[in-house]
Amino acid sequence: MPHELPKAYEPGAIETRWAEYWIREKLFHVDTPAPGENRPVFTLLLPPPNVTGRLHMGHMLNQTQMDILVRWHRMRGFTTLWLPGTDHAGIATQMMVDRQLRSEGKSRLEMGREKFIERVWEWKRHYGGAILDQMKRLGASVDWGREYFTMDENLSRAVREVFVRLYEQGLIYRGKYIVNWCADCGTAISDLEVKHEDVAGKLYEIRYPVVEDGQAGKNARPTQFITVATTRPETMLGDTAVAVNPQDERYTHLHGKKVLLPLMNREIPIITDELAQPEFGTGAVKVTPAHDANDFEAGRRHNLPQIEVIDEHNKMNANAGAYAGLDRFAARERVVADLAAQGFLVGTKDYTVALGKCDRSGTIVEPRLSEQWFVKIKPLADKAIAAVETGEITITPENYRQVYLNWMYNIHDWCVSRQLWWGHRIPAWTCNGCKEVTVSREEPKACTKCGGAKLEQVTDVLDTWFSSGLLPFTTLGWPEKTRDQAVFYPTTLLITAYEILFFWVARMIMFGCHFMEGHEQDAAPKKASGWGDKKNDSVPFREVYIHSLVRDAERQKMSKTKGNVVDPLEVIERFGTDATRFTLAAMAAPGTDIAFNESRTEGYRAFANKIWNAARFMFMNVDRIEPGLRPGVRQECPPHTGVAGFKTEALEDRWILSRFNRVTGEVNEALKTYRFHEAANRIYDFFWGEFCDWYIELIKPRLMETAGAETNKTACTNLVRLFEASLRLLHPVMPFITEEIWQAVYDSKPPLKSIALATFPQADEKQVDLAAETEMAVLQDLIVSVRNLRAELKVEPKVKVPIQVFAHEPEIRQMIEHNRGAVERLASVESMKFVETSLAKLAGARSTARFDVHVVYEKKIDVASESAKLKKELEGLDRRIQVAEGQLGNQGFLAKAPQKVVEGLRKQLEETKVLREKTVAKLKEISS
RNA sequence: GGGCGGUUAGCUCAGCUGGUUAGAGCGCCUGCCUUACAAGCAGGAGGCCGCAGGUUCGAGUCCUGCACUGCCCACCA
């Protein structure tokens, strides 16, 4: 008994079954190719999801696109490696476990570092695989045998190696600088982790009394003031200067003088510095080196003291005098009130301030002076700039190239230390004695400076992106020189969301270009699409494709707080993975965001259902006509790139084969340039609109017993062959349903373990048949015309009508004659008669340039509405003729337009004229 | 303050390098249970392609300005 498809298409069961099968059979496992093996290579790194993550639509879009390309390459014979893994996600994971502990009434601090980290590992073992399990439901054809975790021992070793090397190269330094401090997370964060938000705030103008020469300072009555403006009055407690611009003549007389800092009664100097811009405010600015990055720089230029007044919990500290212990915002209110009371507040203006908030906790970030580790970025950035400027790495869509470059041009040193416990601990040790820091691959036995044996490892860990930035080579065995590296590095492509262009992509490029300098990829990797013959093999990938953002149906960004997050698994549950994948692919026009619309997914489930039913139709016939065909096909199934063993007996055969090849060409072309939507739509239109709507309908008679055994057999074989090839064409987008039907085609005994290993169709020029396409178009036109007429004449659906056809070209007439059966069946025609003169003027007739067709049916014509309609038609035709004649009479057009366009227009004009004549005749007839 | 994108049918969107009559899905209207499929079939209505100029033989497509809208980047108090 052959493999049966159930009557109803139920994606759930099919999809989980095949997802499991693919993994169980290790279908996507890639062995390291031996030297000399010459298949082209396609390598792709999965952007590692956070271990704490849950699958969202962005992931699904990302993975759908990757999987489409991966399957497509694999089917085209590339050695295709798609490398999966997860990211330890420092802050996110630590926070999650923290929260868990708190709910148990425990605390991280009581527990201690070691116990805590153990606990995180335990958490990871339990829940860390969740997101990858979800991925499996998507059908992602990754090599599960190579799965990694960024905290794996080998990857951690590589991280230490990188850190030490950078340090030795002078590219890592440590120091006390202003960093973005998140009190909630209790750690420094990088510029990228700060999101600015415009908020209505105030600009406070405060006057500082100038200390006059010869006066005894504090007790003297001030005679003049200098007014500064600030949005953060509480920081004035830590002011150590007031700056004016050296060019600003308003303040020349104050150069070298001092002011008395209100509330603190501290004398601070007036300095001249570019920091103060004459145009802004009063032109004088307070300088707080410990709480503002600009002021910090100015402070260094002028050797100013750094007075910290806010601590790591955002509370005022002892240096804030009377304000100590207050929260920074409470302090602000108090400071402002006191300044006003003492007559120092000149005014308050409404002012929009760009508040920096921590990306993760939402807390307002405090610029804070603290000891951190930094990567000196310029030398790395220079290489990363060159790689993109020279085109050694291409970025698609192209506008992101400039975005990337602009960011790189203006890059700042990268603060890589984090005051967390979970992550890669910085491989540096502080000597208990002399406080010297030793950076080393292994724990040092003695201090490099004083020789002391008591050393303690620095408690900070590295920014998570530090380790993920290394993945393109560390996952391939670096720092060892491995065969994997030789083959798979540089990876071919990186597909990711715009959000992490700087976080991740930029860092990978910097690290890759730096650490893989001099690397040469083994064998000549064949290009998926034109990245040319660029020599630089240090780059982490040759191409970057930035996909769009998935929004909700109202174009709103999905976010948990808004509660508009669409859970992909829920959508999958209802419509199936294939339909959901298809939706994402079909909506993924490069550069435009996707407003995820469920009704689209519903439509694509209908498409899957259509495929399903077409398959059922096929099997129904195969099993009746040629029960041995299914295994038979298996036997004669060599790897082929198109439709093998297809016999072109009839017009529809030539036509569908031609269309298949054309569509195949278009699909391949579209995938080459990441035009997923185009690939998806081409297949959709072909399968539904051509294969199902026309081809299947047209061959039905040939499948009927009355047609005879030979005809039956050919039709049946053609159907199977074409279907099988279409499944391969569709497989990258809809892997599950295609696998299910493909396996059934071979009666569960396929020539390969999976359609995923079969060959992707390639267009064969020789099978493109223009004549067949033209003839078919006329035939379809004829059938549709009759259907139209029937509707117009309100012919009862069940009634078959006689028609008359006039075709002045003998070839066309002959072609229609040949396909008489098709016309009769598909247009509910009782009989078709050819006539020798035009039928154009008859009521109940329709004309095209190629033929007139008349439906013979008694029906009173509504003369008024009919002639109105004809007049409107005529107007349109006249307009077209006028435009065309105008163009063709234009010397400029004739001289400059391409031949093809001119000729096309001429032909169109001729046809329009024929049609016009027919319409005129008809109008005349009706009106008379 | 800089930069980028969007504006096409009631809704969601295609329309690549300018070229013959601007497309699709959903929705809507009419009619069909035509033995693969009602998650279907057949037919239909619906568009000054945001506005104003310009370049061109020819503009939804290129340029300029404007309007509305979204996003990103930024240490001007």
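Throughout, a chain's letter reflects where its sequence line sits, starting with A, and its residues are numbered from 1.
- Taking atom CZ of residue A:R605 and atom C1' of nucleotide B:G25, one finds them 15 Å apart after rounding to whole Å.
- Partner assigned to B:G43 is B:C29, using Watson-Crick or G-U wobble distances below 3.5 angstrom.
- Taking every side-chain heavy atom of A:N890 into account, B:C57 is the closest of B:C57, B:C26, B:G15.
- In this structure, A:K700 satisfies the cation-pi test against A:F617, with its NZ or CZ atom closer than 6.0 Å to the six-membered ring centre and inside 45 degrees of the ring normal.
- Spacing between B:C57 and B:C62 at atom C1', rounded to whole Å, works out to 16 Å.
- With B:C73, B:C57, B:A36 as the choices, the nucleotide that has an atom nearest any side-chain atom of A:E697 turns out to be B:A36.
- Side-chain proximity of A:A897 to the nucleotides B:A14, B:G19, B:C37 is greatest for B:G19.
- The separation between A:F575 atom CZ and B:G25 atom P is 18 Å, rounded to whole Å.
- Nearest nucleotide to the side chain of A:Q908, out of B:U12, B:C37, B:U20: B:U20.
- Residue A:R825 contributes atom CZ, which lies 16 Å from atom P of B:C41 at whole-angstrom precision.
- A distance of about 14 Å separates the C1' atoms of B:U7 and B:C66, rounded to the whole Å.
- Rounding to whole angstrom units, NZ of residue A:K913 and P of B:U21 are separated by 15 Å.
- Of the nucleotides present, B:G6 is the one that pairs with B:C68 by Watson-Crick or G-U wobble criteria, both distances under 3.5 Å.
- Rounded to whole Å, the distance from CZ on A:F617 to C1' on B:U35 is 10 Å.
- Of the candidates B:C73, B:C41, B:A42, the closest approach to any side-chain atom of A:W688 belongs to B:C41.
- Here the C1' atom of nucleotide B:U34 and the CE atom of A:M704 are 11 Å apart, to the nearest Å.
- Nearest nucleotide to the side chain of A:N399, out of B:G15, B:A39, B:G5: B:G5.
- Atom-to-atom, CZ of A:R600 to P of B:C13 comes out at 9 Å; the value is rounded to the nearest Å.
- A donor and an acceptor atom, one from each side chain of A:K286 and A:T235, are located under 3.5 Å apart.
- Here the separation of B:A24 from B:A45, taken at their P atoms, is 12 Å to the nearest Å.
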Stepwise side chain to side chain donor-acceptor pair (under 3.5 Å) check, A:Y208 with A:D239: CA-CA 11 Å; A:Y208 291 1; A:D239 281 2; 2.7 Å; yes
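- To the nearest 0.5 Å, atoms OG1 (A:T496) and OH (A:Y545) are separated by 12.0 Å.
- One C1' atom belongs to B:G6, the other to B:A42, and the distance between them is 38 Å to the nearest Å.
- A straight line from CG of A:D693 to P of B:A42 spans 5 Å, rounded to a whole angstrom.
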